[in-house]
Engineer: 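Dumping the structure here so I can ask a few things about it.
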Protein chains: 2
Amino acid sequence: MTTVTIKDVAREAGVSVASVSRALNGTGGVTAETEKRIREVAARLRYVPHGAARSLITRRTHTIGALLPDMYGEFFSELIRGIDLAARTRGLHLLVSSAHDGMDDAAAALRTMRGRVDGLIVLSPRADASFLHANLPESLPTVLLNSPLRGRRYSVLNIDNPGGARAMVRHLAVERGLRDIAFIAGPPDNFDAQQREEGYRHAMAEFAPGAPLRVLRGEFTEDSGYRAGAELLASGKLPRAVFAANDMMAIGCLLALREGGVDVPGEVAVTGFDDIPIARYVTPALTTVRVRIVDLGRSALERLAALLDAPDQTATTQADTLGCDIVVRDSCGARPHARTFTNKAR
Amino acid sequence: MTTVTIKDVAREAGVSVASVSRALNGTGGVTAETEKRIREVAARLRYVPHGAARSLITRRTHTIGALLPDMYGEFFSELIRGIDLAARTRGLHLLVSSAHDGMDDAAAALRTMRGRVDGLIVLSPRADASFLHANLPESLPTVLLNSPLRGRRYSVLNIDNPGGARAMVRHLAVERGLRDIAFIAGPPDNFDAQQREEGYRHAMAEFAPGAPLRVLRGEFTEDSGYRAGAELLASGKLPRAVFAANDMMAIGCLLALREGGVDVPGEVAVTGFDDIPIARYVTPALTTVRVRIVDLGRSALERLAALLDAPDQTATTQADTLGCDIVVRDSCGARPHARTFTNKAR
DNA sequence: AGCCGCGATGAAAACGTTTACGTTGCGCCC
DNA sequence: GGGCGCAACGTAAACGTTTTCATCGCGGCT
């Protein structure tokens, strides 16, 4: 009545468990006729092999684990989508584990993965090298995403944050001629945020030498972007452009400026970073640095799969960077916008 | 050098594997002193128990599987977020399996879940009762989401589609006084779509008797909503309001109307269903039926967890419905909007 | 006719745990 | 002082597979 095991099938088909295993797995060694009989019995009994038992002996789970800091925001859902997409075509399953505020929390999650996954994709933007070294099993193939870590031990895949930031500043400063560019930075301990801010600083020196540098603190949240916008308003001295370290902050800033009666992009251009899906729907549509998030997830999984197939292939273990370009929409004034937009409502 | 097992710990600590198991699991039967020694050895060797082996004997994986039709759109990512949130607080892991176009694809996914999960959350808006009956293991606790299925075999959790549709039509027809309401329907084989369309029809009869019924076909995608909007424009006879069966179609329609130079909500009100995060960011902000998607995922997991704790508890196996209310923003004209908005660009 | 080889099959070990059961040793009571 | 109970610990079975190894026929070759 409960679950039917391989023994039941064997008994019913009048063969040994070994033959059932061979027949169902397509390993050779059984007559076509007995294989057929076994298959019929298995289908009739609705037999489905027990994953854990199989993994135990096979040492393969066909599952990869994804460890994410949390699950809020479109960046993460897009990333998961990319990973899942690629996993599916490879016949892999996806065990997600998100929202790890504390280190010990993440450590616990990491532990429970042992024996349940063949490999790991870890998004750890915080620079916690020692943590990973301490908690990642040596034997588990791992791909690190957006991590400051280097080295032959893991395979790391990063976004081209400096390049993206540079391209955006270049666009604003030289193509649009806006030299007075403020920057809304992300959390200081976040690796992407660090790289983007540094990219901004370098690019400003390159494309707008002598222009004032203005950096506001943010937390990658819409709310912190809103506060940064409010801060700009309150300062009484608006920049000609605001470059936010991610899209959600750009949107928050946009809302704040809009409420303050500022014409975007007429008076102030606003741009972001990531190109999350929402970016194209806000008004004015957000000019931003396009990170192909889905592709990021996809290639992370591809790399991991390659690692699984050839475990000691150090070739794929090298660090790599995913390029990103800028996508120009309305919020930077590249296209003439019909009218000044002021909406005090909401 | 490879993985360290419980035997290694036992040998190193000078005890038997049984004692190691007892010490590490906190089952009684070991001196405080030996437990301490064992714990130290385990920590030093970086021992972490093998999940599959443990599950095999324990018959518990502490993992639940989520079977989703696909992973596109914010609805699904929000749902997963809700499930994950609740799973984390219960110490459960999440095995996601998405994008099942064909039945056999889904069946395969279902099979591989055996022995890897303790329970299942299945989102199957298509009315495929026989499929589930055929492929769901009898013994696996299962929560069905947005499913037409009833019965004591599974626990099902639905959105109050009729109520939501009714509330929206009521708002448009009686509170806003717009009786000429067109409807953009979803895929015909989708259960939610069916219920929402029926809800629209009933509510129209109730709140706008005699008013013309106008139903356009859609596919739940932004693109199909756009086409529906274009169709309305081409017809030369615009309704006073458009009620789309989901937000993405509403947004597509919004864009089409905007491009056609139609004032929304001045000439035509546009409303949606779901309240996905994007809804509040479009201009005008979308009035919609709020489905607390995160809560939906959360309660699905809560139900499943209850099922796991008390397997033969038929009390929680009953069908249940999650209420939804409408959230009024700008796209239905409830608030006076500053100016007519026409933007031919893009 | 006797052997050899090979293809099909079965028996049993192995994977890494948990747990029921048996075995100690010790202190206690009568 | 001998038996009894109990706590601490070890032994081994069990979970459901896969896989190695041995066994068994059987046909073809010399």
Side-chain angles (χ1 to χ4, degrees), chain A residues 2-39 41-42 45-63 111-118 137 139-140, chain B residues 2-39 41-42 45-63 111-118 137 139-140:
Chain A
T2 102
T3 60
V4 28
T5 88
I6 198 175
K7 282 186 185 171
D8 302 320
V9 180
R11 181 170 6 91
E12 199 76 8
V15 294
S16 74
V17 292
S19 295
V20 177
S21 174
R22 282 191 274 254
L24 262 34
N25 289 334
T27 334
V30 279
T31 321
E33 149 189 49
T34 48
E35 169 164 346
K36 181 161 164 286
R37 177 160 43 100
I38 291 177
R39 290 211 118 91
V41 173
L45 297 190
R46 293 235 188 89
Y47 167 68
V48 20
H50 193 281
R54 194 202 289 250
S55 307
L56 183 55
I57 183 74
T58 287
R59 317 191 81 57
R60 276 287 197 164
T61 68
H62 295 284
T63 303
R111 301 175 53 105
T112 63
M113 291 263 180
R114 147 113 204 266
R116 322 195 93 99
V117 300
D118 293 338
S139 53
L140 205 58
Chain B
T2 100
T3 60
V4 28
T5 88
I6 198 176
K7 282 186 185 170
D8 302 320
V9 181
R11 180 168 9 89
E12 198 78 7
V15 295
S16 75
V17 293
S19 294
V20 177
S21 175
R22 283 190 273 255
L24 262 33
N25 289 334
T27 334
V30 278
T31 321
E33 147 187 51
T34 48
E35 168 164 347
K36 179 159 166 287
R37 177 162 41 103
I38 291 177
R39 289 210 119 94
V41 173
L45 297 190
R46 292 238 188 88
Y47 166 69
V48 21
H50 193 282
R54 194 201 289 249
S55 308
L56 183 56
I57 183 75
T58 287
R59 317 190 84 56
R60 275 287 197 165
T61 67
H62 296 284
T63 302
R111 302 176 52 105
T112 63
M113 292 263 179
R114 146 112 206 266
R116 322 197 91 99
V117 300
D118 293 340
S139 52
L140 205 58

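Chain identifiers are assigned alphabetically (A, B, ...) following the order of the sequence lines, protein sequences preceding nucleic acid strands; residue numbering begins at 1 within each chain.
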Engineer: With nearest nucleotide decided by heavy atoms, which residue, B/V17 or A/S16, maps closer to the 5′ end of DNA chain C?
Structural biologist: A/S16
Engineer: So, for B/S55 and A/R116, which heavy atoms are closest and what is the spacing to 0.1 Å?
Structural biologist: OG-NH2, 3.1 Å
Engineer: Using atom NE2 of B/H62 as one end and atom P of C/dT17 as the other, report the distance to the nearest whole Å.
Structural biologist: 15 Å
Engineer: Quick one: which of C/dA14, C/dT9, C/dT17 gets closest to the side chain of B/R54?
Structural biologist: C/dT17
Engineer: CD of A/E35 versus C1' of C/dA8: gap in Å, rounded?
Structural biologist: 13 Å
Engineer: Looking for any heavy atom pair under 4.0 Å, which part of the strands does B/R60 touch: base, sugar-phosphate only, or nothing?
Structural biologist: nothing
Engineer: Looking across every strand, which nucleic acid part, if any, lies under 4.0 Å from B/S21 by heavy atom: base, sugar-phosphate, or nothing?
Structural biologist: base
Engineer: Closest approach of B/I38 and B/V15, non-hydrogen atoms and distance?
Structural biologist: CD1-CG2, 3.9 Å
Engineer: So, do A/R59 and B/T3 sit near enough that their side-chain heavy atoms are less than 4.5 Å apart?
Structural biologist: yes
Engineer: Is the shortest side-chain heavy-atom distance between A/T5 and A/V17 below 4.5 Å?
Structural biologist: no
Engineer: Categorize B/T34 for me: base, sugar-phosphate, or nothing, with a 4.0 angstrom heavy-atom threshold over every strand shown.
Structural biologist: sugar-phosphate
Engineer: Regarding A/E33 and A/R37, does a basic nitrogen lie under 4.0 Å from an acidic carboxylate oxygen?
Structural biologist: no
Engineer: Report yes or no: does B/R60 contribute a side-chain atom to a donor-acceptor pair with the main-chain N or O of B/D118 at less than 3.5 Å?
Structural biologist: no
Engineer: Would you grab the first and last nucleotide of DNA chain D (5' to 3') that comes under 4.0 Å of any non-hydrogen atom in chain B?
Structural biologist: D/dA8 to D/dT17
Engineer: Using heavy atoms to find the nearest nucleotide of DNA chain D for A/L56 and A/T27 separately, return the residue whose nucleotide is more 5′.
Structural biologist: A/L56
Engineer: Between B/A53 and B/V15, who's closer to the 5' end of DNA chain D by nearest nucleotide?
Structural biologist: B/V15
